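All residue numbers refer to positions in the sequence shown, counting from 1. Since we're looking at a predicted model, the values are computed, not measured.
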Amino acid sequence: MVIYYNLKQKAKNQISIEAMKRTFLIINCIILSIGTCGGPLIMRLYFLRGGKRIWFSSWLETGAWPIILLPLLFSYTRRRSTSANAKPILMKPRVFVAAAVIGTLTGLDDYLYAYGVAKLPVSTSSLIIATQLAFTAVFAFVLVKQKFTAYSINAVVLLTVGAVVLGLHTNGDRPAGESNKDYWLGFVLTVAAAVLYGFILPLIELMYKSAKQELTYTLVMEIQLVMCFFATAFCTVGMIINNDFQAISREAKESGLGEAKYYLVVVWSAIIWQCFFLGAIGVIFYSSSLLSAIIISVLLPTTELLAVIFYHEKFQAEKGVSLFLSLWGFTSYFFGEIKHNRRNKDNVSNNEQTSEVQFTDQNSVP
């Protein structure tokens, strides 16, 4: 009877853990959504109202890293209350070095992306997502042996096609006064940013798998802090070389937003982008790099609609088609996930019933 009770209790605990993981996954999806939709829009607002500092804009993408110290301090206080020997830092040197390298790559990616946003409208930046999802799928397969189902493959194809459709009439969205050279350089660097971030997402997942220490969400936040610190340091060097620090106050006074609103946009840009990065690594922790890329991709049409509302960009038929394909791909992926979770629950239930039958048979033997 004790053996059966333990097996049943273990199955219940497993179901409870899975439910908690799904809850935290949803929270991180929401955080990622805020960053994915808000980040490009507020960055574009900076450039539309007279902002010209690309290194400064890329710096803002990770510059709010000190915010992460607050939840880390709270986590340490809780650990300290239960154990006097609680360590203030959980990260081991191996993970620190990996996070530092990925952070530096993220800093480079920040600059490539910021350059693209400076030269291209929000609509055209959809090409970032188009290539990013495809490259994330490839790198996830190579680096972390990501398993694909018919549903996830269908989602990747639909979301990629949907994003590519948005780029069919990019020339019609070219900003007034933008030179041909600047436009195409922005285009190329945006695609390069997509390829690099498509590599970074599976690389983070690989770091988790190779950490050789217990993975907790507190450790994930420590990793995020280190990554953002090194990304910010990379962009800080660029700002120093480009004399951006001396130009910020002058740019604020000359901004079409007004000085006060300029600084408000700058602060909120940093906060919203921090949501993007924290949400992305949280989704990878609770699920996979592929899901993180899919969420970023499926929110693309939402960003497009917001750009139409706030910046009066044109809403061509291609954007409507992209919205439909993105929703279709998103539905396909989660339908597959629901079937997978249901299958896992059935397996747990069958194992529990098998254990009960075996226990009954053993006790019925004379």
Side-chain angles (χ1 to χ4, degrees), residues 25 28-29 31-33 35-37 39-40 61 98-99 101-110 112-113 116 125-167 188-210 220 223-224 227 231 273 276-303 322 325-334 336-337:
L25 176 60
N28 278 277
C29 287
I31 295 173
L32 176 58
S33 301
T36 301
C37 294
E61 291 183 52
V101 172
I102 296 174
T104 305
L105 290 175
T106 302
L108 173 60
D109 187 75
D110 288 345
L112 296 174
Y113 178 74
S125 66
S126 62
L127 289 168
I128 297 173
I129 307 301
T131 51
Q132 178 184 307
L133 181 58
F135 277 96
T136 298
V138 173
F139 287 126
F141 177 76
V142 174
L143 295 177
V144 295
K145 305 296 186 270
Q146 172 73 48
K147 294 181 179 178
F148 289 90
T149 65
Y151 296 102
S152 59
I153 292 174
N154 186 52
V156 169
V157 172
L158 288 171
L159 289 167
T160 302
V161 171
V164 170
V165 164
L166 287 174
V188 171
L189 292 185
T190 303
V191 174
V195 175
L196 182 55
Y197 202 65
F199 175 68
I200 288 173
L201 289 178
L203 200 59
I204 294 172
E205 187 174 355
L206 179 63
M207 176 176 57
Y208 290 165
K209 293 179 181 293
S210 309
V220 168
I223 291 171
Q224 169 70 1
M227 285 173 53
W273 276 117
F276 171 83
F277 287 105
L278 187 60
I281 69 166
V283 171
I284 294 172
F285 175 68
Y286 287 111
S287 183
S288 67
S289 56
L290 181 63
L291 177 59
S292 184
I294 284 176
I295 290 173
I296 294 170
S297 183
V298 80
L299 288 169
L300 171 63
T302 304
T303 307
S322 175
L325 291 174
S326 296
L327 293 176
W328 183 7
F330 189 69
T331 304
S332 173
Y333 180 84
F334 275 95
E337 285 297 298

Between atom [atom1] of [X] and atom [atom2] of [Y], what is the distance when rounded to the nearest 0.5 Å?
X      : Y      : atom1 : atom2 : value
Leu196 : Asp109 : CG    : CG    : 4.5 Å
Ile294 : Leu158 : CD1   : CG    : 10.5 Å
Ser289 : Ile200 : OG    : CD1   : 12.0 Å
Ile204 : Ser288 : CD1   : OG    : 12.5 Å
Leu299 : Ile295 : CG    : CD1   : 7.5 Å

**Prompt:** Would you say the side chain of Leu105 lies within less than 4.5 Å of the side chain of Leu203, judging by non-hydrogen atoms?
**Reply:** yes
**Item:** Side chain proximity check, Pro40 to Tyr113, heavy atoms < 4.5 angstrom
**Value:** yes
Please report the closest heavy-atom contact between [X] and [Y], naming both atoms and the distance.
X      : Y      : result
Val144 : Lys209 : CB-CE, 3.9 Å
Met207 : Ala99  : SD-N, 3.7 Å
Gly198 : Pro202 : O-CD, 2.9 Å
Leu112 : Ala193 : CB-CB, 3.7 Å
Cys37  : Thr303 : CA-OG1, 3.6 Å
Glu61  : Phe277 : O-CE1, 3.2 Å

**Prompt:** Should the pair Phe139 and Phe199 be assigned to parallel (<30°), tilted (30 to 60°) or perpendicular (>60°) ring geometry?
**Reply:** perpendicular
**Request:** Classify the angle between the aromatic ring planes of Trp273 and Phe276 as parallel (below 30°), tilted (30 to 60°) or perpendicular (above 60°).
**Result:** perpendicular
**Message:** Would Ile223 and Phe285 count as a side chain to side chain contact (heavy atoms under 4.5 Å, CB included) here? Give the steps.
**Reply:** CA-CA 11 Å; Ile223 291 171; Phe285 175 68; over 6 Å; no
**Message:** Would the distance check show the side chain of Tyr208 and the main-chain N or O of Val220 forming a donor-acceptor pair, the cut-off being under 3.5 Å?
**Reply:** no
**Request:** Please check if the side chain of Thr36 supplies one atom and the backbone of Leu32 the other of a donor-acceptor pair under 3.5 Å.
**Result:** yes
**Asked** Looking at Leu201, Leu25, Thr136, Ile296, which hits side-chain contact (heavy atoms from CB on, under 4.5 Å) with Leu291?
**Response** Leu25
